[in-house]
Amino acid sequence: GGIEFLSTPFDRESAIFLNDLMDVFKISSSDITNRPFIELICNFGKPVILSTGASNLDEIDQALEWIDATGVTVALLHCVLNYPTLNEHANLGMIRGLKERYRDRVIGYSDHTLPNSEMINLTSAFILGAKVIEKHFTHNKKLKGNDHYHSMDASDLRHLSENLKKIIKI
């Protein structure tokens, strides 16, 4: 448990820069077929979180082969690449699908829905067995840019924590 800082690199220079700042690397869905980039990140020897949005099972399998060949551990994250994702389009059943197909892997969920007091998708993902939850975070949702308006802030994080505590007690 706990919260980790992650910044997803999208190029070689960013990956090298981030290597000293992070204990785990996240590989974006957009790079799931980018073998040279995946191998570069894996050569740092740190665990990898692989996002699977917009990929098919063959692409996931191929990326896992490349990662496994380097010996680093990997977790798979289900996500939908809509910003924001409507709750009804989150396709959370894919968490179970990934768990069934990749039984030896850690499965998680990368959420791009709008945060609210219920945090229904995040709590549902937890109930479905997601061991890693990724949610973009900001200190100000009014900042310009694609991520801020659908990111979680400190208030949203408190709501999520409260909801998860209720679920865990059940």
Side-chain angles (χ1 to χ4, degrees), residues 1-10 18 21-32 46-57 59-61 63-64 67 72-170:
I3 298 172
E4 296 286 332
F5 163 77
L6 284 177
S7 179
T8 306
F10 289 93
L18 289 170
L21 301 174
M22 300 188 311
D23 296 327
V24 175
F25 268 95
K26 163 96 183 309
I27 297 175
S28 166
S29 315
S30 62
D31 282 314
I32 198 165
K46 296 178 179 179
V48 166
I49 297 172
L50 180 65
S51 193
T52 63
S55 60
N56 62 45
L57 294 174
E59 291 169 331
I60 296 169
D61 290 344
L64 288 173
I67 295 167
V72 300
T73 59
V74 59
L76 297 172
L77 295 189
H78 162 62
C79 76
V80 174
L81 298 179
N82 287 337
Y83 299 87
T85 302
L86 298 176
N87 285 343
E88 59 268 24
H89 295 163
N91 192 21
L92 295 178
M94 189 60 182
I95 294 169
R96 288 186 73 186
L98 290 172
K99 286 180 60 131
E100 289 171 13
R101 182 174 176 98
Y102 304 103
R103 295 183 186 275
D104 307 358
R105 310 285 182 170
V106 172
I107 305 299
Y109 173 57
S110 177
D111 183 60
H112 301 127
T113 62
L114 292 172
N116 57 38
S117 61
E118 292 83 32
M119 300 289 180
I120 190 71
N121 284 325
L122 294 177
T123 52
S124 296
F126 176 79
I127 290 168
L128 288 168
K131 302 295 184 198
V132 176
I133 302 284
E134 177 196 9
K135 183 71 179 167
H136 298 213
F137 191 86
T138 186
H139 68 283
N140 183 350
K141 293 182 186 186
K142 295 180 182 177
L143 290 173
K144 291 182 181 181
N146 182 46
D147 277 349
H148 297 286
Y149 72 95
H150 68 84
S151 294
M152 181 183 288
D153 63 12
S155 174
D156 297 322
L157 186 57
R158 278 191 294 279
H159 286 300
L160 177 62
S161 177
E162 291 165 8
N163 288 346
L164 291 176
K165 285 178 186 174
K166 290 176 191 174
I167 291 169
I168 292 170
K169 287 182 182 179
I170 294 175

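- In this structure, NZ in K131 is found 11.5 Å from CD1 in I95, a value given to the nearest 0.5 Å.
- Atoms CG and NZ, from D31 and K26 in turn, are 10.0 Å apart once rounded to the nearest 0.5 Å.
- When all heavy atoms are compared, the tightest approach of S151 to P115 is O-CG, 3.2 Å.
- Considering all non-hydrogen atoms of both residues, I60 and S55 come closest at CG1-OG, 3.5 Å.
- A side-chain donor from one of D111 and T113 sits under 3.5 Å from a side-chain acceptor of the other.
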List the steps, then state whether side chain to side chain contact (heavy atoms under 4.5 Å, CB included) holds for H78 with I107.
CA-CA 8 Å; H78 162 62; I107 305 299; 5.7 Å; no
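- Of the residues L128, N87, I120, the one that meets the side chain to side chain contact (heavy atoms under 4.5 Å, CB included) test with L92 is L128.
- Among residues two or more places apart in sequence or in another chain, the salt bridge (charged side-chain N to carboxylate O under 4.0 Å, His left out) test is passed with R101 by D61.
- The NE2 atom of H112 sits 5.5 Å away from the CD atom of E134 when rounded to the nearest 0.5 Å.
- Across all their heavy atoms, F10 and S30 have their closest contact at CE2-OG, 3.8 Å.
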Carefully, step by step, assess S155 and R158 under the rule side chain to side chain contact (heavy atoms under 4.5 Å, CB included).
CA-CA 5 Å; S155 174; R158 278 191 294 279; 3.9 Å; yes
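- Side-chain contact between K165 and E162 is absent, with no heavy-atom pair separated by less than 4.5 Å.
- Within the 4.5 Å cutoff, side-chain heavy atoms of T123 are placed close to those of L160.
- Closest heavy-atom contact between V106 and V132: CG1-CG2, 3.9 Å.
- Ring geometry for Y83 versus H150: interplanar angle of 30 to 60°, hence tilted.
- Side-chain contact between P84 and Y149: present, with at least one pair of heavy atoms (C-beta onward) separated by less than 4.5 Å.
- Here the straight-line distance linking atom CZ of F25 with atom CD1 of I49 works out to 11.5 Å at 0.5 Å rounding.
- Atoms OG and NE2, on S110 and H136 in that order, are 5.0 Å from each other to the nearest 0.5 Å.
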Could you give me the CA-CA distance, side-chain angles and deciding distance for L81 and S29, then say whether side chain to side chain contact (heavy atoms under 4.5 Å, CB included) is met?
CA-CA 9 Å; L81 298 179; S29 315; 4.0 Å; yes
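- Residues in residues 88-100 take part in no salt bridge (Lys or Arg N to Asp or Glu O under 4.0 Å) pair, two or more places apart or across chains.
- N121 contributes atom CG, which lies 8.5 Å from atom OG1 of T85 (distance to the nearest 0.5 angstrom).
- Within a 6.0 Å sphere centred on CG of N56, other residues, nucleotides and ligands contribute more than 12 heavy atoms.
- For K141, the NZ atom sits in a packed shell: over 12 heavy atoms of surrounding residues, nucleotides or ligands are nearer than 6.0 Å.
- Proximity of V74 to I27: side-chain heavy atoms (C-beta onward) are nowhere separated by under 4.5 Å.
- Not one N or O on the side chain of T138 forms a donor-acceptor pair closer than 3.5 Å with the backbone of H148.
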Between M119 and K135, is a side chain to side chain contact (heavy atoms under 4.5 Å, CB included) present by the stated rule, with each step listed?
CA-CA 11 Å; M119 300 289 180; K135 183 71 179 167; 5.8 Å; no
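- Proximity of Y102 to L57: side-chain heavy atoms (C-beta onward) are separated by under 4.5 Å at one or more points.
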